[in-house]
Amino acid sequence: MSWHHSVVKALKANDVRLVTYIPDNVLSPLIDAVHADSWFRVVCPAREEEAVGIVAGACMAGLRGITLMQTSGFATLPNVLASLIVPYQIPALMLISERGTLGDHQLGQAIVCRTMRPVLQALGIEHFAVERDEDLEFVVDGMARQAYATQAPAAVILSPLLTKKSA
Amino acid sequence: MNRFDLTRRLVAKLKSGEAVIGGIGNTNFDLWAAGQRPENFYMLGSMGLAVPIGLGVALAQPARKVFVLEGDGSLLMQLGSLGTVAGTAPKNLTIIAFDNGMYHITGKQKSLTADTVDLVAMAKGAGVGQSEWARDEAQFEQLVQRALGGAGPWFIGARIDAAKPAGVTERDPARIRQRFMAALAAKA
């Protein structure tokens, strides 16, 4: 069983029906799975900022959503998180596939990866990196439940230990 | 034309709980000044995100009409969102672009629309076929009326003057969100 099934299960358990994403190779099995499942409404906009904005609007109108992206995409988001998601207390979920560590070949990815956790910490955004498939459903489910219960955003980071080592 | 005047003309036509997303700065200041409807969402940061936020609301509630008010500078920051709107084709979404060809709030610096960029042509090029410049106030009202009655998405461009906004939005994000969510929890 591939890791993406655990994510789909946890999203369904939390009634997260909207998925916005910017393409990423590591996330492609999950992207294919949500496209193939009519339970989800899937939107692929042009930028991560847009993807998070769509989830924010939908969330305020009663439709729960998550944005899928890779590390470099997250690095385009600090202003939007700091001026929309965090101050308005919008439980936007983010799923970030971690590039730039444990064997990446791109220097730019390695450098931008080092900005991810400091940004999440500076903004006070709950985040957790998943390394093992057996933890994934529990973590996505718990992060989603806490986000909606506390009106706060949350980021699940998919470590290469999960997406590459066990793939 | 004048942004506050057009915003008042729009708001006067909203009788069915239509959601209105006011983009950053003068755009949402004039929306605030036009009367604080609970179905209004005032964006205090995240420049460029009024269209994506409006699209999210429109996708979540297909039975409710959604209007997005944006300025030229803001829209220029997120032109890709016009393609996303065309691709998702929400029947209930209308984008109104107030174009004064400048970043008024930061000191009237010229924007790209002062020279070569045509926002209605951009919207059409992105695939939003029902895109039009309003020639005057009367035609603006006609275009709004058409959007209220027919299937979108719609894009209405309005060239406006360099007047200051008629008010300033109260800057309390949590309250704005709570009021908006409570209003949207009610049936459209």
Side-chain angles (χ1 to χ4, degrees), chain A residues 15-23 34-35 38-67 69 73 76-94 123-124 147-148 150-153, chain B residues 17 19-21 23-24 39-64 66 68 74 77-90 92-93 126 171-188:
Chain A
D15 201 28
V16 180
R17 289 175 178 268
L18 174 67
V19 179
T20 64
Y21 73 93
I22 300 298
V34 293
H35 266 297
S38 62
W39 196 85
F40 292 103
R41 176 75 201 245
V42 186
V43 180
C44 177
R47 280 179 71 79
E48 287 80 1
E49 290 182 312
E50 241 194 282
V52 168
I54 294 167
V55 165
C59 190
M60 289 191 287
L63 173 66
R64 293 176 168 187
I66 187 167
T67 302
M69 70 195 96
T76 69
L77 290 177
N79 179 55
V80 161
L81 296 173
S83 63
L84 176 69
I85 302 300
V86 175
Y88 284 86
Q89 301 170 7
I90 297 171
L93 302 181
M94 294 173 274
L123 292 171
Y148 296 119
T150 62
Q151 295 85 47
Chain B
V20 184
I21 313 300
I24 188 173
E39 300 89 353
N40 291 352
F41 182 76
Y42 309 95
M43 228 178 68
L44 300 177
S46 63
M47 186 165 174
L49 284 204
V51 172
I53 292 169
L55 175 58
V57 174
L59 293 175
Q61 298 199 7
R64 188 187 301 273
V66 181
V68 170
S74 292
M77 277 204 174
Q78 211 68 248
L79 286 173
S81 67
L82 296 174
T84 312
V85 166
T88 49
N92 53 334
L93 183 66
R171 292 188 175 88
D172 185 341
R175 249 181 97 195
I176 291 171
R177 196 258 304 159
Q178 281 166 3
R179 218 163 24 200
F180 184 64
M181 283 185 75
L184 263 63
K187 212 162 173 263

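Just so it is clear: chains get the letters A, B, ... in the order the sequence lines come, proteins before strands, and each one is counted from 1.
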Task: Region of B:Leu49 that comes under 4.5 Å of a non-hydrogen atom in chain A - done: side chain
Open item on the list: Just so I understand: if I count every heavy-atom pair under 4.5 Å between each of B:Gly45, B:Ala58, B:Pro173, B:Ser46 and chain A, which residue has the most?
Closed with: B:Pro173
Open item on the list: Show the nearest heavy-atom pair for residues B:Met47 and A:Asn79, with the distance to one decimal.
Closed with: N-ND2, 4.4 Å
- [ ] Compare every heavy atom of B:Thr84 with every heavy atom of A:Val43, then report the nearest pair and how far apart it is.
- [x] CG1-CG2, 3.8 Å
TODO: Output the option from B:Arg64, B:Gln178, B:Gln78 having the highest count of non-hydrogen pairs under 4.5 Å with chain A.
DONE: B:Gln78
Open item on the list: If the test is side-chain contact (heavy atoms from CB on, under 4.5 Å), which one of B:Ile53, B:Leu44, B:Ile24 qualifies with A:Leu84?
Closed with: B:Ile53
Open item on the list: Against A:Tyr88, only a single residue in B:Tyr42, B:Phe180, B:Phe41 fulfils ring-ring contact (aromatic ring centres under 6.0 Å, His included); can you say which?
Closed with: B:Phe41
Open item on the list: With rounding to the nearest 0.5 angstrom, report the CG to CD distance, B:Leu79 to A:Glu50.
Closed with: 10.0 Å
Run the side-chain donor-acceptor check on residues 51-61 of chain A: report pairs under 3.5 Å with partners two or more places apart or on a different chain.
none

Open item on the list: Taking side chain to side chain donor-acceptor pair (under 3.5 Å) as the cut-off, I'd like each qualifying pair that reaches into residues 38-48 of chain A, sequence neighbours left out, listed once.
Closed with: A:Arg47-A:Glu49
Open item on the list: To the nearest 0.5 Å, what is the distance between CE on B:Met181 and CD on A:Gln151?
Closed with: 8.0 Å
